[in-house]
Amino acid sequence: MYANENEEEGGGAKRAQDAGEATNASFLRFAVVGSGPAGFYTADRLLKTFQNAAVDIIERLPTPFGLIRSGVAPDHPETKAVINQFSAVAAGERVGFFGNVTLGKDVSVEELQQLYHGVVLAYGAESCRTLGAPGEDLPNVLSAREFVWWYNGHPDYVSLPVDLESAETAVILGQGNVALDCARILLRNTDELAKTDIAAHALEALRKSKVRRVLVVGRRGPAQAACTAKEVREILGGGLATGLKDVKITIHDSDLQTTALDQEEMKASRTHRRVFDLLQKAASRPPPAGATKELEWVFFRSPVSFYASKDEQGKQTVGGVRFQKTRLEGGGNGRSQRAVGLAEFEDVPAGLVLRSIGYKSLPVPGLPFDYQKGVVPHQQGRVLSSEGASASASGAPAGEVPGLYVVGWLKRGPTGIIGTNLIDAEETVASIAEDAKRGLIGGFDAARQGGEGLRLLLRDKGVTHVPFEGWKRIDAVEVERGADKGKPREKMVDVQEMVKVAGSTS
Amino acid sequence: MMKAEAAGQRESSLSGSFGRHQSRGFAAEAAALADEKETIQVTFVDKNGEEKQIRVPMGVNMLQAAHDNDIELEGACEGSLACSTCHVIIMDQDLYDKMEEPSDEENDMLDLAFGLTETSRLGCQVVASPELDGMKLRLPAATRNFYVDGHKPEPH
């Protein structure tokens, strides 16, 4: 309400209606859906590429920055520094922010296409792959993404049923950086975590945690581990200031035997080579004196099923994981080796299991979607229609949906680091610039009212959006609450409270 | 972090290449005031191959120097060795060989740099010193289809 009535609050790109721009035929209006790294880098590149354009960023939460806020681990504050740049982008005169607006619920793809010359979808991957294994739905078998969102205070996962008090051993399936983040959070001294922006509910649960041993399990070997060197160095401790302390690292020598094909793979990948070296060194290092916790790297194991057990109250929960032993097959000539089952099985008791086998994007109505790959089909960022050539009547090349673009995880799948999205955004924005040059987008159209039109639409629908000014109020309150506890911020985890704080005038 | 501080870097003005909010920090002022002997000449070659010659005061790193001279070089983590967006390529192999080896932490980030070469460094870790006078740095150019560039989704 406040936002709809207060022009100064932004929400639509602030100056879009000024200076006759509304009737300027060359003025372009863009909507970017999603305010994570892909969305913000795209907004920035759009503004730099088009001097006569306005960009509105639409975000389903009242808070911006996507996985920088809800994905990056709380003990990696330096990785979050990019928020400063993104905040400067959001403060720009040609930028609007519409927080608390959900695509597919509050506004449709079609409505955005009517209001904007170009719509760029950057809403990421908000689901995760599953194994489809028996017992996967047992209590305390969770996806790593849910666990991450829980400890990072994402409003959707505040009440995730994670029980750390009846589990001594946690198994993490997968050996990527998300898996290592989860392992680190489970193993790190809680006094260290207390100085981060970890969510209060998670810190409380971790303080009571009985988890002493964490197994990170991969289907393939240490030469194929999907993590990167920084994360490995950190979790292996090794005297690093930010490394884990008091944790015994277990890596079995037998797993460190490499084949010629392993060597070939490592030769082709600097990351894999360096990760292997770090694991090899850690394997021969004596455990720190007084180690109270243990991290074990388990290789060549593929999960088959999960079995149940009863906790102290007699409630059914996960009791462990049945693994099949694997060996590597194929490979050579630049191809990766695959893990194949050996039909030898092993049960590993565990009271907590986190599946860290990849994120997955979700479709929205009106948007072409490749269900197989879990991404939006595209050509260098231009969305391709599911029906193939149906869009060609518009003058766009066959199969392309004119004015609809995709970037980030929704485009390339859930891989890469924050910086990858910069390269990705540049590709999508280059496509947009080409389309503008070819006259496929742009031109005066009274219906394309951009942020002003979106504001009216949301008002009619009774949707309260949170402008960037509103987020700054939330931010200030979070920082203030954090200061009392020696934390950089105490995250708000309730959307209603966020909207209320965002709308308060102080 | 410690490495970055040792490199004489001030976090406050390492604000990325997003222009608008940048304060023209002390590096620029220092550059104007300093005797030429206290600065070195550095040439940046941008993504389109265009060259820009600047003078960089001793002790100032190349990310800071780029920002002080309106050169587009990203610095997502503000020089804290948590990203690889300030990736630069040293164009002279001999000069690269004379430089101090990148630290493990820098190498960790270079692993993830887009378009890595044998003479890649992070701009925030290359600090102006007399032996680097005349250095030429190239910013990696994005290819149109970046999937070609070594990226392939890993099956689990």
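Per chain, numbering begins at 1; letters A, B, ... match sequence-line order.
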CD1 of A:Ile417 to CZ of B:Phe114, rounded to nearest 0.5 Å, is 11.5 Å

Sidechain-backbone polar pair: A:Gln85 side chain, B:Gly75 backbone, donor-acceptor under 3.5 Å: yes

Stepwise salt bridge (charged side-chain N to carboxylate O under 4.0 Å, His left out) check, B:Glu105 with A:Arg274: CA-CA 12 Å; B:Glu105 289 76 14; A:Arg274 298 182 71 242; over 6 Å; no

Minimum side-chain heavy-atom gap B:Leu112-A:Thr228 below 4.5 Å: yes

Going through the distances and angles, do A:Glu426 and B:Lys47 end up as a salt bridge (charged side-chain N to carboxylate O under 4.0 Å, His left out)? CA-CA 12 Å; A:Glu426 283 177 348; B:Lys47 293 174 183 183; 3.3 Å; yes

Does atom NZ of B:Lys52 have more than 12 heavy-atom neighbours from other groups under 6.0 Å away? yes

Neighbour count above 12 (heavy atom, 6.0 Å) for B:Glu51 CD: yes

Say you draw a straight line from NZ of A:Lys48 to CD of B:Glu72; how long is it, rounded to the nearest 0.5 Å? 4.0 Å

Counting only heavy atoms closer than 4.5 Å, note whether B:Cys77 contacts chain A via side chain, backbone, both or neither. both

To the nearest 0.5 Å, tell me how far A:Asn421 CG sits from B:Thr85 OG1. 12.0 Å

Hey, is the main chain of B:Asn107 close enough, under 3.5 Å, to the side chain of A:Arg270 for a donor-acceptor pair? yes

Which portion of A:Thr271 sits near chain B, non-hydrogen atoms under 4.5 angstrom: both

Engaged part of A:Arg233 at the chain B interface, taking heavy atoms whose separation is under 4.5 Å: side chain

Value for CD (B:Glu78) from CD1 (A:Ile83), rounded to nearest 0.5 Å, stands at 10.0 Å

Can you tell me how far apart CD (B:Glu74) and CD1 (A:Ile423) are? Round to the nearest 0.5 Å. 9.0 Å

When rounded to the nearest 0.5 angstrom, what distance separates NE2 in A:His76 from OG in B:Ser80? 11.0 Å

Just wondering, do A:Glu78 and B:Leu81 contact through their side chains at under 4.5 Å, heavy atoms? no

